[in-house]
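In what follows, a single structure is set out as structure tokens and then discussed.
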Amino acid sequence: MTENTKKKSLHFIQSIIEEDIRNNKNNSKVHTRFPPEPNGYLHIGHAKSICLNFGLAKQYNGLCNLRFDDTNPVKEDVEYVDSIQEDIKWLGFDWEDRKYFASDYFEKLYEFAIILIKKGKAYVCEMSADEISANRGTPTQPGKKSPWRNRPVEENLNLFERMRKGEFEEGKYVLRAKIDMASPNMHMRDPAVYRIRNIEHHRTGNKWCIYPMYDWAHGLSDYIEKITHSLCTLEFEVHRPLYDWFLDQVIDTEYRPRQIEFARLNLSFTIMSKRKLLKLVEEKYVDGWDDPRMPTISGYRRRGYTPESIRKFADKIGVAKRDNVIDVALLEHSIREDLNKKVKRTMAVLNPLKIVIDNYPEGQTEELEAINNPEDESMGTRMIPFSKTIYIEKEDFMENAPKKFFRLAPGREVRLRYAYFITCTKVVKDENGNITELRASYDPASKGGKSPDGRKVKGTLHWVSAHEAIKAEIRLYDRLFLNENPEVAEEGKDFTSNINPHSLEKITGYLEPGLQNAQPESKYQFERIGYFCVDKDSTKEHLIFNRTITLRDSWAKIDKKK
RNA sequence: UGGGAUGUGGCCAAGUGGUAAGGCAUCGCCCUUUGGAGGCGACAUUCGCAGGUUCGAAUCCUGCCAUCCCAGCCA
């Protein structure tokens, strides 16, 4: 453990683990698992869980398994088991040879169920799903016992075996645990353990037609894998008595797994529900699960987020039991912080305004040296072409500029980054009064952007040489939702009514020629604009850059205030 | 009106009887060839509320209030 992590206070799960280690519980071993259901892509909320489970295992010299919780073939698919593995790896975690599936344990789980029946703790119930529901009672009223509750053990065994053999249609029978129909905890009112589903499973095919329920499969899978700390989210807190009850029925060792619940991640301006994310994909509000506006891990990857930034984020948000909504600004801060230190700078003009420098020699091009990353000298320098005609950003010129506008205006002098000081001498307009180009003069003595006489210029602009610049498609992504809480919609409308109509704007930008060979997934800072990542569909012939995040912009704040 | 949990600044989050860490956001100032980055400073007399115990309470006790979860043969 480093000095740093030592100083940092422990969160409640670390405290529990350390106490367990002190008490030599489970031989002081730490073994966690990340248990996704393969029914959707992983999102940033899963990233929190992944970082927690794999992180804890690493911190305490333990192991973390990957276990697909695939007990419901109705919703699951191999497409998802592939994407899930890719995303976990990309995040930087490794389950080594411990990739498991709950479906691998179906036989064992079935045997455990036989034990349960033999103990007289489970029975085959013939009530329909509706009847069971109607007889479960309410939180304030006890439920009614099933008429099949006292079926003899032999009969239960026989029926359960025939359920497995496929002798009955779906819904005809269900195996239920015999616990307590009057329990104030609804989950203890004779919960279903096995249901009949005549559906092909993505791994076991048609071998099974009965499938275990989550509560039965999860805890016992933990037991089979010798998991010590089974971490899950708060909504499973009320399942814990059942988790423990099931374990009590089959356990015959000193070792025992423990379920611990923590608060799931919620992010402002973001939707996290798998069902709703699926809707965004299926109804084409976005361009697939990896659309850069999606809060999926693959979406963030395509957007230009780094694994480090997401891990750092997960670390910063902490782990606790209270419901929370993390400000998305913290995520944005995490990626800026990471990219600032390691990404090359370049100049790109997204909204060009032509400037002709009258006193610069016609036809001349010179190469000027630019620093690749002021934060990291080892990243070196590059040469960029400069000539008589350049582009600057439209927003960097104002005809009637206020004093606080430190950029170009008639008669004002600014620095062109790594190039020269220029002064705007003339504004050229078309017949409609629109500015078509600017004329300027430059100071040859200021080459490199230095001021040999100590003269101060307040503004420094990025630019690109008009002739040498290359074009690229620029995709300007913004938050997908307008509201801090996208779930809050007007009467009769749903979260899709809160979608930001400007969450994607495609434009053509002008870049330094050095970017011609930029490879997919490579990342840059466009100086004074933001961080950009080459899209996976980008080619040399048609470059595509995705905006990951803008730079912080204090001018925008000043401008807004007025 | 049952059960389970949770309440510390705008958002997170430490704190576990000795007098409120840290991060994000926000606001100042400094610095700057990115209005970026960086640096410095400000930002809870108070911990859901009300009582009580104690020399001393965010921490212990009592009562109340608020929010979240639970009535799938989903996970």
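Naming: A, B, ... by sequence-line order, numbering from 1 per chain. No experiment lies behind these values; they were computed from the predicted model shown.
Rounded to an integer number of Å, the gap from A:Asp376 CG to B:rG38 P is 15 Å. As rounded to whole Å, 14 Å separates atom C1' of B:rG23 from atom CG of A:Leu331. The CZ atom of A:Phe262 sits 16 Å away from the C1' atom of B:rA13 (whole-angstrom rounding). Remark: P of B:rG15 and CZ of A:Phe12 are 12 Å apart, rounded to the nearest angstrom. The distance from atom NE2 of A:His333 to atom C1' of B:rG22 is 12 Å, rounded to the nearest whole Å.
The side chain of A:Lys458 lies closest to B:rU32, out of B:rU32, B:rG23, B:rC27. Among the nucleotides B:rG35, B:rU34, B:rA25, the one closest to any side-chain atom of A:Ala329 is B:rA25.
Distance noted for atom P between B:rU8 and B:rU45: 15 Å (whole Å). Separation of the C1' atoms belonging to B:rC47 and B:rA21 is 14 Å when rounded to the nearest angstrom. Atom C1' of B:rA71 sits at a distance of 39 Å from the matching atom of B:rG9, rounded to the whole Å. The gap from the C1' atom of B:rG41 to that of B:rC60 amounts to 38 Å, rounded to the nearest Å. Across the P atoms, B:rA58 and B:rG18 are found 11 Å apart, a figure rounded to whole Å. To the nearest whole angstrom, the two P atoms, one in B:rG72 and one in B:rA25, are 44 Å apart. The same atom, P, is picked in B:rC29 and in B:rU16; the two are 38 Å apart, to the nearest Å. Taking atom P in both B:rC30 and B:rU59, one finds a spacing of 43 Å when rounded to whole Å.
For A:Pro184, the side chain to side chain contact (heavy atoms under 4.5 Å, CB included) criterion is met by no residue, not counting sequence neighbours. Residues passing the side chain to side chain contact (heavy atoms under 4.5 Å, CB included) test with A:Gln14, sequence neighbours excluded: A:Leu10, A:His11, A:Leu56, A:Gln59, A:Tyr60. A:Tyr173 is linked by a ring pair (Phe, Tyr, Trp, His ring centres under 6.0 Å) to A:Phe168, counting only residues two or more places apart in sequence or in another chain. By the side chain to side chain contact (heavy atoms under 4.5 Å, CB included) test, A:Ala440 pairs with A:Ile355, A:Ile422, sequence neighbours left out.
Between A:Tyr211 and the choices A:Tyr105, A:Trp216, A:Phe106, the ring pair (Phe, Tyr, Trp, His ring centres under 6.0 Å) rule is met once, by A:Phe106.
Residue A:Arg552 places at least one side-chain N or O closer than 4.0 Å to OP1 or OP2 of B:rU26. Put simply, A:Arg322 has a side-chain N or O that comes within less than 4.0 Å of OP1 or OP2 on B:rG7.
Using a 4.5 Å heavy-atom threshold, the side chains of A:Phe12 and A:Phe262 count as touching.
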One character per nucleotide, please: for nucleotides 64-74 of chain B, 5' to 3', B when the base has a protein heavy atom closer than 4.0 Å, S when only the sugar-phosphate does, - otherwise. ----SSSBSBB
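Legend: salt bridge (Lys or Arg N to Asp or Glu O under 4.0 Å) pairs involving residues 369-383 of chain A, not counting sequence neighbours, sorted by first then second residue: A:Arg382-A:Glu512.
Between the base of B:rG36 and the side chain of A:Glu375 there is a donor-acceptor pair shorter than 3.5 Å.
For A:Gln525 and A:Glu527, the side-chain atoms include no donor-acceptor pair closer than 3.5 Å.
Nucleic acid contact class of A:Phe405 (heavy atoms, under 4.0 Å, all strands): base.
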